[in-house]
Amino acid sequence: MAAVTQTIEHVAELERYKHGFVSDIAQDFAPKGLSEATVRFISAKKGEPAWMLDWRLEAYRRWLALEEPAWARVHFPRIDYQDSYYYAAPSEKAGPKSLDEVDPELLAVYAKLGIPLKEQAVLAGVEGAPKYAVDAVFDSVSVVTTFKAELAKAGVIFCSMSEAIRDHGDLVRQYLGSVVPVSDNYFACLNSAVFSDGSFVYIPPGVRCPMELSTYFRINAAQSGQFERTLIIADQGSYVSYLEGCTAPMRDENQLHAAVVELVVLEDAEIKYSTVQNWYPGDAEGRGGIYNFVTKRADCRGDRAKVSWTQVETGSAITWKYPSCILRGAGSSGEFYSIAITNNRQQADTGTKMIHLGPNTRSRIISKGISAGHSSNTYRGLVSAHPKARGARNFTQCDSLLIGKQCAAHTTPYIEARNASAKFEHEATTTRLSDDQLFYAMQRGLSQEEAVQLLVNGFVKDVLQKLPMEFAVEAQKLVAISLEGSVG
Amino acid sequence: MLSIKNLYVAIDGKPILDGLSLDVPAGEVHAVMGPNGAGKSTLSYALAGRPGYETAAGSVTLDGEDLLALEANERAARGVFLSFQYPTEIPGVPALTFIRTAMNAQRRARGEAEISAPEFLRLARAKAATLKIDFDMLKRALNVGFSGGEKKRMEILQMAMISPRFAILDETDSGLDIDALRIVADGVNAMRSADRAMLVITHYQRLLDHIRPDRVHVLAAGRIVASGGPELAHALEREGYDKYAKAAA
Ligand SMILES: Nc1ncnc2c1ncn2[C@@H]1O[C@H](COP(=O)(O)OP(=O)(O)O)[C@@H](O)[C@H]1O
Ligand SMILES: [Mg+2]
């Protein structure tokens, strides 16, 4: 209740896209365009071992043979892959830094974004406020990771991918590409060749990660793509809750963001992965904005492994992502909770895949799509049960809310049950925000904008509740801002 | 308090209210009765400012202030409340959240301080108790899966919480059994006061046995065709609306 009121109070103060500023920070770029030389440049910049370079080159060669996928319900002009920078990094000395070594200009950027990078400040914050550790990725590199020392005491590794490749090479080598193979799809393959940074997490057996982990991605440079790679391994009986956030400046050009996230969940372990995606969505006429073409997959390798994806997708000109769960271990379970909002000319084609391989595996999908303006919003989801997945169960609830008359919502479920004991339930609804509801709320004193927010908050409540508390409030504000001006 | 002069309202070009005039002074409760389709709900929507029910001519003022120039929420903040004939379901929004959000929106619009959470809950508990509404029901999504009678009681609860200056009750009696009718009527009667006026729209006389109106008006063919004291309601019950409908035509 408080959160609803709070949203309404705060929304008036917020601009439509408040993260749209550009920071003037000296940067190093790779030469424009994509070639084997670009891949070598990136690998050399990061001082990678030979095996990593070979892995990248293999990916690059395979990518050359792949075609951009065309099956999603999204439309955009052909991307010229030679007209972009694949590496942009603040010009500073390489290697990990302590907080006091980080460029104050950069710290100022994160302060402006409301991301706490000062451990002392976090520690000295409101009494009882939960601590969370942050890995801050600025364009192609991680600029700082907080609370590393404290996490290390618990045996938790939380660092940038670059550091992990250097310091935890064995783990990276063992798991990288094991969930999303190099040539899984066009964008994942591209990422494998040119990924620049991202976060690495390892939770040792039996450890409950002592704080929330989060990575904050920021695109700043013009004409550059961002290709980050995240790998999280939850060893037997461990638990971690992880959140990623992202923003970008307002620019007239489109920028490509092609990330890969791999989650490995071993026996009795659990990963809770939350995303608040707020890349620049482009302007009201559809100029600019991020192409968010992302591959996220979790592999429940051990028995009773658990994974849950929660996403709040409000940004990006185009979103193409299907966080998926491979339910391999017996009794493992996967959840997908999604709020996807499109306004103006935004396009989203998003959903999940629940692949039941092991016996008695369970999955649950709750998807809330909201389309406004001239946008298009597609839920695309696959639920499959293989012959060995005896007693597999899925429940899917897909709700679409339409605001206005120019937008479109589509629900495209694929269901493949290859054994008779699998039980899949699917419910879907499509409703239009009704004039009756708006008038009813306005009669009680709410402005039109407040009425839309209240009704939309009601629609997405089930999913918002799945986010960690402190992000739920943030996400709720974001939902409100994304829909500003959608009725009227 | 409320003054309606020569009001014309058309929906999709079709005239529904056809030069309606009506005055409800402060401290009084007036009843509007009329056959189905006479324009009673149209009147309530026009007063509350529903989009699509724009007025072609005439004036409506509340304590001298022009209401027609205001949006629905601005009218609400000035003290206009409508108990809907068919209350709308608000999925996912608990009744408590809805009412508190509404009260605070009105208070902000009037430049008043918001109601604190404890004060709000105290008020909600007290009003729910008098209307014999189970408090747990207020934690459910507003009107979703509520029975007809529960929805009507929830309207009166909202009225009691919001405490408007001018309330319109559109067929609040329909869908209520006799016990519920008495509870609702008691709730309405408890709100009668010298600085508040109410317009009770009803189809039947029985509500008026519980809420004694100061004046009764007959609405037929888009106009007030007869006005009188409470005895007029009894006459209507005996004789039906036919003669008024014919006279108006
Ligand atoms: N939204 C609407 N569109 C078209 N006609 C309407 C609409 N609402 C009401 N009407 C018409 O206006 C007339 C009065 O309706 P209403 O005000 O609901 O009557 P009452 O409440 O007295 O039964 C009826 O003829 C009805 O069909
Ligand atoms: Mg009516």
Side-chain angles (χ1 to χ4, degrees), chain A residues 1-13 337 339 366 368 370 397 399-404 427 429-466 472 476 479-480 487-488, chain B residues 44-45 47-53 70-84 86-110 114-115 117 120-121 124 138-139 141-144 151 155 158-159 161-162 164 168 170:
Chain A
M1 177 165 76
V4 171
T5 322
Q6 202 178 357
T7 302
I8 290 164
E9 282 161 10
H10 280 79
V11 73
E13 306 157 15
Y337 300 104
I339 298 170
I366 310 283
K368 305 275 179 177
I370 302 174
Q397 171 85 48
D399 298 322
S400 303
L401 181 69
L402 300 165
I403 302 178
E427 291 173 13
T429 65
T430 300
T431 46
R432 200 176 289 279
L433 198 72
S434 78
D435 292 344
D436 283 350
Q437 289 173 329
L438 279 178
F439 173 61
Y440 187 82
M442 288 180 72
Q443 199 305 299
R444 297 299 190 248
L446 278 73
S447 68
Q448 184 164 282
E449 211 95 287
E450 290 167 336
V452 172
Q453 285 163 30
L454 186 72
L455 294 165
V456 166
N457 279 334
F459 178 73
V460 301
K461 193 182 65 171
D462 302 352
V463 175
L464 276 185
Q465 283 170 346
K466 298 290 172 189
Q476 199 169 32
V479 167
V487 176
Chain B
S44 72
Y45 287 147
L47 295 179
R50 180 167 191 143
Y53 288 71
L70 302 176
E71 300 284 344
N73 56 311
E74 296 169 324
R75 297 186 199 192
R78 303 291 194 286
V80 176
F81 180 90
L82 168 60
S83 168
F84 285 68
Y86 302 109
T88 312
E89 297 187 359
I90 309 290
V93 183
L96 284 172
T97 306
F98 183 86
I99 299 170
R100 184 164 174 224
T101 308
M103 288 175 75
N104 283 333
Q106 291 200 17
R107 286 177 179 223
R108 269 200 310 279
R110 293 193 291 259
E114 296 194 359
I115 188 165
F120 173 79
L121 286 174
L138 300 182
K139 297 172 183 163
L142 181 62
N143 293 331
V144 177
K151 286 181 184 171
E155 294 291 288
Q158 291 180 59
M159 177 170 82
M161 301 276 301
I162 288 172
I168 309 154
D170 191 358

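In what follows, every heavy atom counts, from backbone to side chain, and hydrogens, waters and symmetry copies are set aside. Owing to the predicted nature of the structure, the values given are computational and were not obtained by experimental measurement. Just so we're on the same page: letters track the sequence lines, and every chain starts at 1.
The residue among P91(B), A77(B), G52(B), P51(B) with the most heavy atom pairs within less than 4.5 Å of chain A is P91(B). The most heavy-atom pairs under 4.5 Å with chain A, out of I99(B), V80(B), I162(B), come from V80(B). Comparing M103(B), Q158(B), E89(B) by heavy-atom pairs within less than 4.5 Å of chain A, the highest count is held by Q158(B).
Taking each heavy atom of D436(A) and T88(B) in turn, the nearest pair found is O-OG1, 3.8 Å. What you find for R444(A) and L82(B) is that their closest heavy atoms are NH1-O, 2.7 Å. Nearest heavy-atom pair, N73(B) versus L446(A), reported as atom, atom and distance to 0.1 Å: CB-O, 3.1 Å. Between A72(B) and Q443(A), the shortest heavy-atom contact is CB-N, 4.4 Å.
Looking at A451(A), there are no atoms closer than 4.5 Å to chain B (heavy atoms on both sides), in backbone or side chain.
Between Y53(B) and F439(A), the distance from one ring center to the other does not fall under 6.0 angstrom.
Distance alone, capped at 3.5 Å, places no donor-acceptor pair between the R75(B) side chain and the G445(A) backbone.
Atoms OG1 and CG, on T97(B) and N457(A) in that order, are 10.0 Å from each other to the nearest 0.5 Å.
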